[in-house]
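Quantities reported herein were computed from a predicted structural model and do not represent experimental measurements.
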Amino acid sequence: MLSCHNLLQNFTGAVPEHYCKLPSTSDLNNQSQRHIMKHFTSLDQEHKPWRCVQHQKASDLLLNSTDKLFEGKNLKYCKEGWTYDRRIFSSTIVTEWNLVCNQRPWRQVARSIYMTGVLLGALVFGSLADKLGRMEILTWSYLQMGIAGSCAAFLPTYDGYCTFRFLCGVASSAISVNSISLILEWMPKRGRTLAGNFFGFSYSLGQIGLAAMAYVIRDWRWLQFAVSAPFLLFFIYSWWLPESARWLILRGETNKALKNLRKAAHINEKWREGEKLTTEMLCSEMQKDIFIIRSSHSVFDLVRTPAMRRMSLCLVLVWFSSNFAYYGLSMDLQNFGLSVFLTQALFGGVEMTAKLMVMLVMTFVGRRVMQFVSLCLAGVMVLSYGFTPHSKTT
């Protein structure tokens with residue numbers, strides 16, 4: 001469901017075909033009405049109705065020559081609003097608040113505000129999870145996502161919508177970071193690669209689910225609510241999820257950790273192994289990690305030594321370029337020239353296939369070779385997309 005929120009504005013923020021709203025012509029006969037509509041919806045160079053300007057006076061159209069109608073002094077901005085093509089989407093935030101023409105940048109501002117929340121959530125809730133616990137933050141984030149997303153669906157103002165979308169972004173990042181932490185801390189080493197890939201696999205599956213939901217729900221408010229309300233259910237069942245045993249041990253709560261581990265052993269039908277566990281055994285196994293966690297560390301440790309500095313710089317550049325290209329493409333689906341629903345489903349399907357192939361190939365060639373091949377292939381594909389002819393968006 002996280003991918004639904006990250007890519008939601010492909011549908012809730014879609015820009016339908018639009019042109020200036022025509023003035024009232026009820027006092028004219030049918031022939032005059034058709035004449036006025038013909039000129040008010042004159043075609044531009046791409047043979048599409050003008051989107052941002054219209055003729056100044058409807059009465060002048062019946063008197064003036066055609067050449068004079070196209071002079072710049074006879075054109076004005078769409079002061080009466082716009083008429084939208086609602087065949088694909090019954091409503092979006094664009095049609096709700098007229099985010100077109102000179103207001104068009106505000107559509108991208110809404111998306112940037114959400115991604116700013118994602119950035120802030122990673123910075124804040126990552127460190128808070130180390131202090132308060134994975135499940136404490138995860139449970140709160142489920143509640144925040146459910147409430148903020150549902151509120152964003154029915155707020156009447158653009159400012160209120162952006163505010164609650166920002167809170168959704170914060171919660172989205174917190175859920176992602178802490179879910180991965182719980183998966184890795186609960187899984188044995190031999191299963192972490194599989195579990196991590198399954199986590200990413202489910203993210204891609206969510207993209208296909210988003211395309212299906214958006215195809216059925218064409219109103220942006222109900223679509224926003226449909227992808228947010230399930231998090232309230234996640235909030236309820238999260239109370240039964242166990243805290244990370246590793247985190248509990250590192251915080252000195254070995255009795256709780258022992259209880260959770262025995263519960264896991266019981267579920268996995270390892271009753272004998274579970275009964276053999278003791279608090280002394282857990283502390284002994286985690287002695288090295290306990291020593292490390294009690295040592296003072298800071299972000300500067302990532303660049304303190306030449307080896308760490310080189311590794312940190314490489315990873316930062318890889319993550320930045322990968323996400324820059326990924327979100328730049330996946331958040332621009334309307335410009336691919338296909339149905340936005342089909343394109344979203346194809347994105348998810350291709351991702352699922354690619355992740356499955358990477359998971360299999362990586363076991364044979366290793367991580368570094370797979371990383372090198374993937375980055376080179378991604379670079380070639382992104383560059384080729386820049387030279388691919390596609391229709392110009394006005």
Side-chain contact, heavy-atom cut-off 4.5 Å: [X] with [Y]?
X: Leu182; Y: Met135; answer: yes
X: Val109; Y: Tyr158; answer: yes
X: Gln108; Y: Arg111; answer: yes
X: Met352; Y: Ile208; answer: yes
X: Met145; Y: Phe234; answer: no
X: Pro242; Y: Leu261; answer: no
X: Val170; Y: Val118; answer: no
X: Trp106; Y: Trp97; answer: no

Heavy atoms from other residues, nucleotides or ligands near [atom1] of [X] exceed 12 (cutoff 6.0 Å):
X: Tyr215; atom1: OH; answer: no
X: Trp222; atom1: CH2; answer: no
X: Phe324; atom1: CZ; answer: no
X: Leu313; atom1: CG; answer: yes
X: Tyr327; atom1: OH; answer: yes
X: Met308; atom1: CE; answer: yes
X: Met311; atom1: CE; answer: no
X: Phe364; atom1: CZ; answer: no

[X] side-chain N/O to [Y] backbone N/O, donor-acceptor pair under 3.5 Å:
X: Gln207; Y: Gly349; answer: no
X: Asn268; Y: Ala264; answer: yes
X: Gln334; Y: Ala14; answer: no
X: Ser238; Y: Phe235; answer: yes
X: Ser127; Y: Val124; answer: yes
X: Asn10; Y: Ser330; answer: yes
X: Lys256; Y: Leu248; answer: no
X: Gln9; Y: Arg107; answer: yes
X: Arg134; Y: Trp247; answer: no
X: Thr95; Y: Thr92; answer: yes

(Q) Given the ring of Tyr84, does Arg87 sit roughly above its face, with NZ or CZ under 6.0 Å from the centre of the six-membered ring and within 45° of the axis? (A) no
Shortest non-hydrogen contact from [X] to [Y]?
X: Ser172; Y: Asn6; answer: OG-OD1, 3.4 Å
X: Ala171; Y: Ser141; answer: CB-O, 3.6 Å
X: Glu243; Y: Trp186; answer: O-CZ2, 3.2 Å
X: Val227; Y: Met213; answer: CG1-CE, 3.6 Å
X: Ser176; Y: Phe199; answer: O-CZ, 4.2 Å
X: Ala152; Y: Gln224; answer: CB-NE2, 4.1 Å

Q. Do Trp140 and Phe125 have ring centroids that are under 6.0 Å from one another?
A. no
Q: Compute the centroid of each ring, for Phe225 and then for Trp220, and state whether the two points are separated by less than 6.0 Å.
A: no
Distance, nearest 0.5 Å, that separates [atom1] of [X] from [atom2] of [Y]:
X: Ser244; Y: Asn178; atom1: OG; atom2: CG; answer: 10.5 Å
X: Leu123; Y: Ser173; atom1: CG; atom2: OG; answer: 8.0 Å
X: Ile249; Y: Thr279; atom1: CD1; atom2: OG1; answer: 10.0 Å
X: Ser312; Y: Asp301; atom1: OG; atom2: CG; answer: 9.5 Å
X: Ile236; Y: Thr139; atom1: CD1; atom2: OG1; answer: 11.5 Å
X: Leu8; Y: Leu2; atom1: CG; atom2: CG; answer: 12.5 Å

[X]-[Y] co-clustered via ILVMFWY side chain contacts under 4.5 Å:
X: Val177; Y: Met1; value: no
X: Ile137; Y: Leu232; value: yes
X: Leu132; Y: Leu250; value: yes
X: Val361; Y: Phe372; value: yes
X: Tyr114; Y: Phe154; value: yes

Q. Could you walk me through whether Val358 and Met370 pass the side chain to side chain contact (heavy atoms under 4.5 Å, CB included) check?
A. CA-CA 7 Å; Val358 167; Met370 195 69 246; 3.9 Å; yes
Q: Evaluate the criterion side chain to side chain contact (heavy atoms under 4.5 Å, CB included) for residue pair Met115 and Met331; output intermediate values, then yes/no.
A: CA-CA 12 Å; Met115 296 306 294; Met331 290 183 173; 3.8 Å; yes
(Q) Using 30° and 60° as the class boundaries, would you call the ring planes of Phe341 and Phe89 parallel, tilted or perpendicular? (A) tilted
Q: Over 60° means perpendicular and under 30° means parallel, so classify the ring planes of Tyr142 and Tyr237, tilted if in between.
A: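 Ring orientation of Tyr237 relative to Tyr142: tilted.
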Q) Out of Tyr203, Phe166, Phe231, Phe11, which residue meets the ring-ring contact (aromatic ring centres under 6.0 Å, His included) rule with His5? A) Phe231
Q.
Set out, in order, the CA-CA distance, both residues' side-chain angles and the distance that settles side chain to side chain contact (heavy atoms under 4.5 Å, CB included) for Arg218 and Arg86, then state yes or no.
A. CA-CA 9 Å; Arg218 302 299 181 94; Arg86 301 183 185 272; over 6 Å; no
Q) Given the rule in the side chain to side chain contact (heavy atoms under 4.5 Å, CB included) test, do Phe320 and Leu317 qualify, once you have shown the distances and angles that lead to the verdict? A) CA-CA 5 Å; Phe320 177 84; Leu317 290 175; 5.8 Å; no
(Q) Run the salt bridge (charged side-chain N to carboxylate O under 4.0 Å, His left out) test against Glu136 and tell me which residues pass, sequence neighbours left out. (A) none
Q | Distance-only side-chain donor-acceptor flag, Tyr326 / Glu351, under 3.5 Å | A | yes
